[in-house]
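Numbers here are sequence positions counted from 1. Quick note: numbers below take in every heavy atom, side chains included, and nothing from hydrogens, waters or symmetry partners.
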Amino acid sequence: MSPPPFPGRPRLRNILLDRDGTLIRECNYLHEPDEVRLLPGVPRALHSLQRAGCRLFLLTNQSGIGRGYFPETDYLAVQDRLLELLDVHGVILTDTLHCPHTPDAGCSCRKPKTGMWTELVSRHRLHPEESVMIGDKLADVGFARNAGLAAAVLVLTGHGKKEQYKLSDQQAPAPDFVAPNLELTARWLATRFSLG
């Protein structure tokens, strides 16, 4: 592995992203493609990270499928719409994974468990020390901790502000950074890591 261009800064190659409330507007059990709305600054942030050489991965819990609120085809239609909106801005996701199970299903893939990380490692040979997780829930932070990732960021969009209040609980996984939005997260990553 080649040394990072900024000595002393760890190299960051992989950005793992939650979907609802992080990239797009939070809608309870979103299943209508027409309701997909990118949050302000998201295209610019993702484009800057991608241009710096980082790969973008999306990991999302979708218990609405397991609860029977909508079929997997609806999830896929929403996902296709998201990809269309990102493509307009030149943003490409390297891969997308989702957990369709309910919280009590006992699966290994629902964040904060690490089944989706194991799958990403298998598909793309990711290394935890070169990867960060960004999301609006403490489940995303817990996922990063459980997978041994380089950093976890809690964004205050979506459920983030409500989740932030839980940080006073000593049992809550602590993020490395709490950011108002994804755009400021991207700036923080550029100061903390050597990107790409």
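In this structure the side chain of Arg110 reaches within 4.5 angstrom of the side chain of Ser63, judged on heavy atoms. Two residues are said to be in side-chain contact when any heavy atoms from C-beta on lie closer than 4.5 Å; Pro103 and Arg67 meet this criterion. A heavy-atom distance below 4.5 Å is found between the side chains of Leu120 and Leu59. Within the 4.5 Å cutoff, the side chain of Leu86 has no heavy atoms near those of the Leu56 side chain. Residues Gln62 and Arg19 form a side-chain contact, since some pair of their non-hydrogen atoms from C-beta on lies under 4.5 Å apart.
Between the side chain of Glu163 and the backbone N or O of Leu138, at least one donor-acceptor pair lies under 3.5 Å. Looking only at distances, no side-chain donor or acceptor of Arg25 sits under 3.5 Å from a matching main-chain atom of Thr22. Side chain of Gln50 to main chain of Gly90: a donor-acceptor pair is present (N/O by atom type, distance under 3.5 Å, no hydrogens or angles). A donor-acceptor distance shorter than 3.5 angstrom exists from the side chain of Arg9 to the backbone of Ala190, with no hydrogens or angles considered.
Contact between Tyr29 and Phe70 at its shortest, heavy atoms only, is O-CE2, 3.8 Å. Considering all non-hydrogen atoms of both residues, Lys111 and Thr60 come closest at NZ-CA, 3.9 Å. When all heavy atoms of Gly148 and Pro128 are compared, the closest pair comes out as O-CB, 3.3 Å. Shortest non-hydrogen contact noted between Leu12 and Cys54 is O-SG, 3.5 Å. When every heavy atom of Asn146 is checked against every heavy atom of Pro112, the shortest pair comes out as ND2-O, 2.8 Å. When every heavy atom of Cys109 is checked against every heavy atom of Cys99, the shortest pair comes out as SG-SG, 3.4 Å.
Considering CD of Glu130 and CG of Leu195, their distance stands at 12.0 Å, rounded to 0.5 Å. To the nearest 0.5 angstrom, Ser131 atom OG is 6.0 Å from Leu16 atom CG. Between the NE2 atom of His124 and the CZ atom of Arg13 there is a distance of 15.0 Å, given to the nearest 0.5 Å. In this structure, CE on Met116 lies 9.0 Å from NE2 on His98, to the nearest 0.5 angstrom. Interatomic distance, CG of Asp20 versus CG of Asn61, reported as 9.5 Å (0.5 Å rounding). His127 NE2 to Asn14 CG: the interatomic distance, rounded to the nearest 0.5 Å, is 8.5 Å.
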- prompt: Can you check side chain to side chain contact (heavy atoms under 4.5 Å, CB included) on Leu126 and Phe57, steps first, answer last?
  reply: CA-CA 11 Å; Leu126 273 59; Phe57 299 89; 3.8 Å; yes
- prompt: Between Arg145 and Asp176, is a salt bridge (Lys or Arg N to Asp or Glu O under 4.0 Å) present by the stated rule, with each step listed?
  reply: CA-CA 10 Å; Arg145 295 290 174 249; Asp176 296 284; 2.9 Å; yes
- request: Verify side chain to side chain contact (heavy atoms under 4.5 Å, CB included) between Gln79 and Leu58, making sure each step is shown before the conclusion.
  value: CA-CA 10 Å; Gln79 196 59 29; Leu58 190 148; 3.9 Å; yes
task: Check the pair Leu167 / Val178 against side chain to side chain contact (heavy atoms under 4.5 Å, CB included), numbers first and verdict last.
output: CA-CA 11 Å; Leu167 292 176; Val178 176; 4.3 Å; yes
- request: Please step through side chain to side chain contact (heavy atoms under 4.5 Å, CB included) for the pair Arg37 and Cys27, ending with a clear verdict.
  value: CA-CA 10 Å; Arg37 301 283 186 276; Cys27 293; over 6 Å; no
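Following chains of ILVMFWY side-chain contacts shorter than 4.5 Å, one can reach Val42 starting from Ile134, so the two form part of one hydrophobic cluster. Leu149 and Leu154 fall into different hydrophobic clusters, where Ile, Leu, Val, Met, Phe, Trp and Tyr are joined by side-chain heavy atoms under 4.5 Å apart, directly or via other members. Residues Val91 and Leu85 fall within the same hydrophobic cluster, defined by Ile, Leu, Val, Met, Phe, Trp and Tyr side chains chained together at heavy-atom separations under 4.5 Å. Linking ILVMFWY residues whenever their side-chain heavy atoms come closer than 4.5 Å, directly or via other members, places Val153 and Val132 in the same cluster. Using a 4.5 Å cut-off between side-chain heavy atoms of Ile, Leu, Val, Met, Phe, Trp and Tyr, with links allowed through other members, Leu39 and Leu189 fall into the same hydrophobic cluster.
With sequence neighbours left out, Arg44 forms a salt bridge (Lys or Arg N to Asp or Glu O under 4.0 Å) with Glu183. Partners of Ala105 under the side-chain contact (heavy atoms from CB on, under 4.5 Å) rule, at least two apart in sequence or in another chain, are His101, Thr102.
Legend: ring-ring contact (aromatic ring centres under 6.0 Å, His included) pairs involving residues 137-181, not counting sequence neighbours, sorted by first then second residue: Phe177-Trp188.
Within 6.0 Å of CZ in Arg123 there are more than 12 heavy atoms belonging to other residues, nucleotides or ligands.
Salt-bridge formation is not detected for the pair Asp18/Lys137: no Lys NZ or Arg NE/NH1/NH2 atom is positioned less than 4.0 Å from an Asp or Glu carboxylate oxygen.
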